[in-house]
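Have a look at the structure below, then the notes.
Proteins come first, then strands; the chains are lettered A, B, ... in the order of their sequence lines, and each starts at number 1.
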2 protein chains.
Amino acid sequence: MYSGPVNTRERLVESAQELLWERGYVGTSPKAILERAGVGQGSMYHHFAGKSALALAAIRRTAEGMRESAEECLSGPGTAYDRVAAYLLRERRVLRGCPIGRMAQDRDVVHSAELRQPLDEMFGWLRGRIAEVLTEGQRRGELAAALDPAATAAAVAAVVQGGYVLARAADDPAPFDAAVHGVLALLAAQVTPAPASTPGTPAAG
Amino acid sequence: MYSGPVNTRERLVESAQELLWERGYVGTSPKAILERAGVGQGSMYHHFAGKSALALAAIRRTAEGMRESAEECLSGPGTAYDRVAAYLLRERRVLRGCPIGRMAQDRDVVHSAELRQPLDEMFGWLRGRIAEVLTEGQRRGELAAALDPAATAAAVAAVVQGGYVLARAADDPAPFDAAVHGVLALLAAQVTPAPASTPGTPAAG
DNA sequence: GTCTATAAGGGGATAGAC
DNA sequence: GTCTATCCCCTTATAGAC
């Protein structure tokens with residue numbers, strides 16, 4: 001039973017978000033969206049020019065949500081390593097996959113400049129934000145100076161997206177968890193050993 | 001102009017391989033396969049029970065090809081690091097994505113035990129094979145003993161799959177290359193420093 | 001073996017009533 | 001604003017001629 005917003009436009013967008021996540025762009029028909037939203041066909045074509053316009057609204061909203069939840073982890077407390085770990089280890093319904101990464105596999109989405117833009121912005125922001133966190137860690141002396149923040153950030157983001165792929169292929173979240181722990185262990189080796197809380201003041205005499 | 005095999009069954013399988021790569025399972029119609037292969041509808045239903053049977057043959061063949069080309073890199077010369085690097089750096093048409101990883105995003109494929117099996121086997125083999133290479137590197141003293149081979153292998157495989165996703169979202173291979181170099185740099189830090197060519201025999205007297 | 005013909009249903013959009 | 005009716009083409013498959 002539908003239990004979302006009363007507003008028709010909202011219901012359409014939310015239904016589209018869910019269906020795009022489950023079935024992708026090609027696999028999602030306007031009819032299926034309407035049925036899930038519980039509205040007639042006329043309502044959709046009143047609020048949106050067509051399938052792609054509705055999909056654009058849905059993708060934008062999903063990307064914004066992802067950005068917010070990622071920022072929550074990455075701006076949290078602790079060291080740079082802690083914050084990246086918080087992002088990598090945050091609870092996910094792994095087998096559902098990433099609603100934005102999913103779109104990147106869809107021909108119609110990638111071939112449309114308009115539909116691809118939210119994906120590009122979202123992942124561009126994500127890589128940049130992780131790189132910022134890593135750079136900050138280097139400035140604070142938490143992370144090895146030799147680390148390339150941009151490349152490492154791309155690797156971190158890629159592990160998440162690739163983890164979803166491996167997990168779905170296996171129908172088991174285990175490969176996702178293994179990949180995340182693998183990259184975290186590699187990153188942990190870049191953490192500067194035993195920094196004194198006050199530089200120049202060894203902890204024990 | 002079609003320039004593949006003369007054999008009708010072969011033409012169907014190869015056409016299906018290409019279209020599944022480009023458009024995914026839902027996005028690929030029997031009609032499109034027939035047109036690309038240049039055969040009539042009756043031929044397809046003579047050789048295959050239907051769309052999914054043809055797709056299964058195509059997916060199996062693609063998975064086998066990927067396995068062979070990965071094995072070529074991973075069984076090459078050099079240290080464990082060299083062999084993993086060879087796999088990660090091998091030439092790829094990045095924006096096309098991975099033909100097998102692509103299938104893992106497709107609902108109809110993942111929900112069918114039969115169609116998902118080749119994906120599961122391929123990625124399972126890949127993670128295992130990379131883990132073997134890493135374990136061998138540890139035995140030879142090339143890699144830090146603390147490294148978790150299975151987790152690291154999963155991370156390596158995930159970086160490739162996720163790299164494709166990031167690159168397609170950006171319509172630019174750069175994020176793929178950045179991710180690959182990021183994980184390689186992290187792995188390089190696990191390489192045992194300056195092993196003597198003959199243990200106990202320093203290079204210079 | 002390979003072809004064309006045919007069919008039942010869905011995809012995506014428009015028209016127009018209410 | 002929201003609904004139903006209608007349209008044309010595509011999808012997947014079957015039938016049967018050659």
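What separates CZ of F48(B) from C1' of dT2(C) is a distance of 15 Å, to the nearest Å. In this structure, CD1 of I33(A) is placed 17 Å from P of dG10(C), rounded to the nearest angstrom. Separating the CD atom of E35(A) from the C1' atom of dG12(C) is a distance of 14 Å, rounded to the nearest angstrom. Whole-Å rounding puts the E10(A) CD to dG1(D) C1' distance at 16 Å. Whole-Å rounding puts the Y25(B) OH to dT12(D) P distance at 8 Å. The CG atom of N7(B) sits 10 Å away from the P atom of dG1(C) (whole-angstrom rounding). What separates CG of L54(B) from P of dA13(D) is a distance of 11 Å, to the nearest Å.
Residue E72(A) qualifies as open at atom CD: its count of foreign heavy atoms under 6.0 Å is 12 or below.
Geometric assessment of K51(A) against the ring of Y45(A) yields a negative cation-pi assignment under the 6.0 Å and 45° thresholds. Geometrically, R96(B) engages W21(B) in a cation-pi contact defined by less than 6.0 Å to the ring centre and at most 45° from the axis.
Mapping A32(A) and A49(A) onto DNA chain C via the closest heavy atom, the residue that lands nearer the 5' end is A32(A). When each of P30(A) and G42(A) is assigned the nucleotide of DNA chain C bearing its nearest heavy atom, the one mapping closer to the 5' terminus is P30(A).
At a cut-off of 3.5 Å, with distance as the only test, a side-chain donor of E121(B) or Q117(B) sits close to an acceptor on the other residue. Under 3.5 Å, the side chains of T62(B) and Q17(B) contain a donor-acceptor pair of N or O atoms.
In the set dT2(C), dT14(C), dT12(D), dT14(C) carries the atom at the smallest distance from any side-chain atom of Q41(A). Comparing dG1(D), dG1(C), dT12(D) against the side chain of K31(B) picks out dT12(D) as the nearest. The listed nucleotides are dG1(C), dT12(D), dG12(C); the one nearest the side chain of H46(B) is dG1(C). Closest to the side chain of Y45(B), out of dT14(D), dT2(C), dG12(C), is dT14(D). The nucleotide whose nearest atom lies closest to any side-chain atom of K51(B) is, among dA13(D), dT4(D), dT2(D), dA13(D).
Within 4.0 Å of T28(A), counting heavy atoms only, lie sugar-phosphate atoms of the nucleic acid but no base atom.
A close approach under 4.0 Å does occur between a side-chain nitrogen or oxygen of S43(A) and OP1 or OP2 of dC3(D).
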